**Q** 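Take this structure first; my questions come after.
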2 protein chains.
Amino acid sequence: MKSDGRLARMLHVLVHMGLLGGRETSERIAQMLNTNPVVVRRTLGALRKHGIVESEGGRGGGWKLTRSLAQITVLDVQKALLEGQMLPAPLSSDHPNCPVERASNAVLEHAHKLAEAELEKAYMATTLEHIAKTAVSKV
Amino acid sequence: MKSDGRLARMLHVLVHMGLLGGRETSERIAQMLNTNPVVVRRTLGALRKHGIVESEGGRGGGWKLTRSLAQITVLDVQKALLEGQMLPAPLSSDHPNCPVERASNAVLEHAHKLAEAELEKAYMATTLEHIAKTAVSKV
DNA sequence: AGATACTGTAACCAAAACAGTTGCAGAAAG
DNA sequence: CTTTCTGCAACTGTTTTGGTTACAGTATCT
């Protein structure tokens with residue numbers, strides 16, 4: 001399974017933005033992430049749609065958090081990045097009428113729903129401020 | 001995120017094999033899954049390495065379960081198909097020494113471990129016989 | 001007004017993972 | 001010694017993420 005690094009990268013950069021306090025350009029954020037300004041705009045754009053950050057064009061523009069680190073949970077960020085389910089069950093659809101396939105799929109779906117609930121619970125319980133404090137205390 | 005259909009397909013076909021009782025060729029299994037004999041051999045090959053099925057070459061050969069459906073759990077099948085972790089945390093590794101990145105990664109890792117434990121528990125609690133009975137009762 | 005410093009977005013290419021396909025070597029039964 | 005199987009390598013297609021280039025739009029400064 002392929003891991004999608006966007007969540008980790010966004011957590012990383014949002015915490016930095018919160019700690020710095022001001023507005024940051026895509027260029028500077030890209031340097032924080034060892035990547036490209038366009039990738040940053042692409043990904044932060046998804047967060048903007050969900051009201052987590054706001055952007056301003058033109059000279060002196062850039063990106064800023066719309067609320068404090070304490071008011072943003074990991075789940076907020078994840079939901080902004082994901083279109084669909086967080087942990088979709090990998091079902092088969094080769095024979096939709098086969099009762100065996102349906103029974104297998106039902107088992108997988110149930111298990112994934114349990115795991116997803118656990119993941120969501122953990123994500124919801126963690127704010128970006130918590131991450132920031134952990135990081136600072138370990139410097 | 002991309003869903004890997006191998007687990008669902010293998011559950012499907014293993015239950016069929018268990019219900020039929022005998023030896024099945026890659027050709028017939030491929031028809032059950034609407035796919036190709038080579039894909040079947042490739043995937044069942046992973047299960048053979050873990051002792052879940054055995055194969056015989058030559059005329060009259062094919063694939064057979066090594067134990068009963070009641071003695072195979074979904075987790076057994078999943079472990080046979082997966083090399084690494086079941087639910088790897090999608091971490092970032094852009095700045096390994098940055099305490100913020102490390103704190104973000106730690107949070108993600110912890111949450112995924114909880115979810116993975118839940119998934120593993122559900123997989124371990126479900127045998128293929130359970131799937132077979134569910135399917136048969138719903139015919 | 002016009003240069004400058006930003007974002008927004010489209011259009012590509014690259015890499016990774018799973019799936020599908022062809023081709024052929026090897027083995028076992030008839 | 002032919003037929004019927006598996007085993008395996010090699011190639012292609014597809015999807016998803018990431019990286020890059022290019023260019024249009026916008027706000028600020030002089």
Side-chain angles (χ1 to χ4, degrees), chain A residues 1-10 12-13 17 22-49 53-64 66 78 80-94, chain B residues 1-10 12-13 17 22-49 53-64 66 78 80-94:
Chain A
M1 192 174 294
K2 193 181 175 192
S3 47
D4 169 7
R6 284 176 300 171
L7 177 57
R9 300 180 112 185
M10 286 303 104
H12 182 185
V13 81
M17 287 169 68
R23 206 182 289 279
E24 299 291 331
T25 67
S26 306
E27 180 61 41
R28 273 176 51 89
I29 296 170
Q31 285 166 7
M32 292 184 206
L33 293 177
N34 264 338
T35 181
N36 193 288
V38 178
V39 175
V40 170
R41 290 202 277 271
R42 195 190 277 158
T43 316
L44 279 181
L47 301 194
R48 184 185 46 216
K49 283 181 196 156
V53 296
E54 60 188 20
S55 65
E56 247 180 66
R59 193 174 194 141
W63 301 82
K64 210 180 62 174
T66 59
Q78 173 72 101
L81 293 175
L82 243 64
E83 294 300 322
Q85 261 180 288
M86 216 157 57
L87 225 62
L91 306 180
S92 62
S93 51
D94 301 314
Chain B
M1 189 176 296
K2 195 181 174 189
S3 45
D4 169 7
R6 284 177 300 171
L7 176 57
R9 300 180 115 185
M10 286 303 104
H12 182 185
V13 81
M17 286 168 69
R23 207 181 290 277
E24 299 290 331
T25 68
S26 306
E27 180 62 38
R28 272 175 52 87
I29 295 170
Q31 285 165 5
M32 292 184 206
L33 293 177
N34 264 338
T35 182
N36 194 289
V38 178
V39 175
V40 171
R41 288 203 277 270
R42 195 189 278 157
T43 316
L44 278 180
L47 302 193
R48 183 186 47 216
K49 282 181 196 156
V53 296
E54 60 188 21
S55 65
E56 247 179 66
R59 192 174 195 140
W63 301 83
K64 211 179 61 173
T66 59
Q78 174 72 101
L81 293 175
L82 243 63
E83 294 300 322
Q85 260 181 288
M86 214 157 57
L87 225 60
L91 306 181
S92 61
S93 51
D94 302 313

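Residue numbers start from 1 in every chain, and the chains themselves are labelled A, B, ... in the order their sequence lines are given, proteins ahead of strands. This one's a predicted model, so the numbers in the text were calculated from it and none came from an experiment.
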**Q** Quick one: the side chain of Arg42(A) and the base of dT20(D), do they pair up donor-acceptor inside 3.5 Å?
**A** yes
**Q** Of the nucleotides dA5(C), dG7(D), dA22(D), which has the atom closest to the Arg41(B) side chain?
**A** dG7(D)
**Q** Is a donor from one side chain sitting under 3.5 angstrom from an acceptor on the other, for Thr43(A) and Arg6(A)?
**A** no
**Q** Whole Å only: how far is the CD atom of Glu24(B) from the P atom of dT6(D)?
**A** 10 Å
**Q** Check the distance between dT26(D)'s P and Glu56(A)'s CD and give it to me in whole angstrom.
**A** 14 Å
**Q** Please give, in whole Å, the distance from dG7(D) C1' to Leu47(B) CG?
**A** 16 Å
**Q** Determine whether Thr35(B) and Arg9(B) make a side-chain contact, defined as any pair of heavy atoms from C-beta on separated by less than 4.5 Å.
**A** yes
**Q** Arg6(A) side chain N/O closer than 4.0 Å to the phosphate oxygens (OP1, OP2) of dT17(D)?
**A** yes
**Q** Can you identify which nucleotide, out of dG8(C), dT4(D), dA9(D), has its nearest atom closest to the Arg48(A) side chain?
**A** dG8(C)
**Q** If you check every side-chain atom of Val39(B), which of dG19(D), dA10(C), dA19(C) has the closest atom?
**A** dA19(C)
**Q** Please determine, for the side chain of Arg9(A), which listed nucleotide (dT9(C), dG18(D), dT21(D)) has the closest atom?
**A** dG18(D)
**Q** Quick one: is dT7(C) close enough that its OP1 or OP2 comes under 4.0 Å of any side-chain N or O from Ser26(A)?
**A** yes
**Q** What's the closest nucleotide to the Ser55(A) side chain, out of dT20(D), dT7(C), dT6(D)?
**A** dT7(C)
**Q** If you check the Trp63(A) side chain, which of dT6(D), dG23(C), dT7(C) turns out closest?
**A** dT7(C)
**Q** Output the rounded distance in Å from CZ (Arg59(B)) to P (dT4(D)).
**A** 5 Å
**Q** Are Met10(A) and Val13(A) side-chain neighbours, meaning at least one heavy-atom pair lies under 4.5 Å?
**A** yes
**Q** Under 4.0 Å between any heavy atoms, over every strand shown, what does Glu27(B) touch: base, sugar-phosphate, or nothing? Just pick one.
**A** nothing
**Q** State whether the number of non-hydrogen atoms from other residues, nucleotides or ligands found under 6.0 Å of Arg23(B) atom CZ is greater than 12.
**A** yes
**Q** Within this structure, what is the CD-to-P distance between Glu54(B) and dT6(D), rounded to whole angstrom?
**A** 13 Å
**Q** Does Asp94(B) or Gly57(A) map to a spot on DNA chain D nearer the 5' end, using the closest nucleotide for each?
**A** Asp94(B)
**Q** Could you give the CZ-to-C1' distance, from Arg28(A) to dA5(C), as a whole number of Å?
**A** 15 Å
**Q** Whole angstroms only, please: what is the CE-P distance between Met10(A) and dT17(D)?
**A** 13 Å
**Q** Please confirm whether the shortest side-chain N or O distance from Thr35(A) to OP1 or OP2 of dG19(D) is below 4.0 Å.
**A** yes
**Q** Has the side chain of Asn34(A) got a donor or acceptor atom that lies under 3.5 Å from a matching backbone atom of Asp94(B)?
**A** yes
**Q** When the distance from CG of Leu7(B) to C1' of dC18(C) is rounded to whole Å, what number comes out?
**A** 14 Å
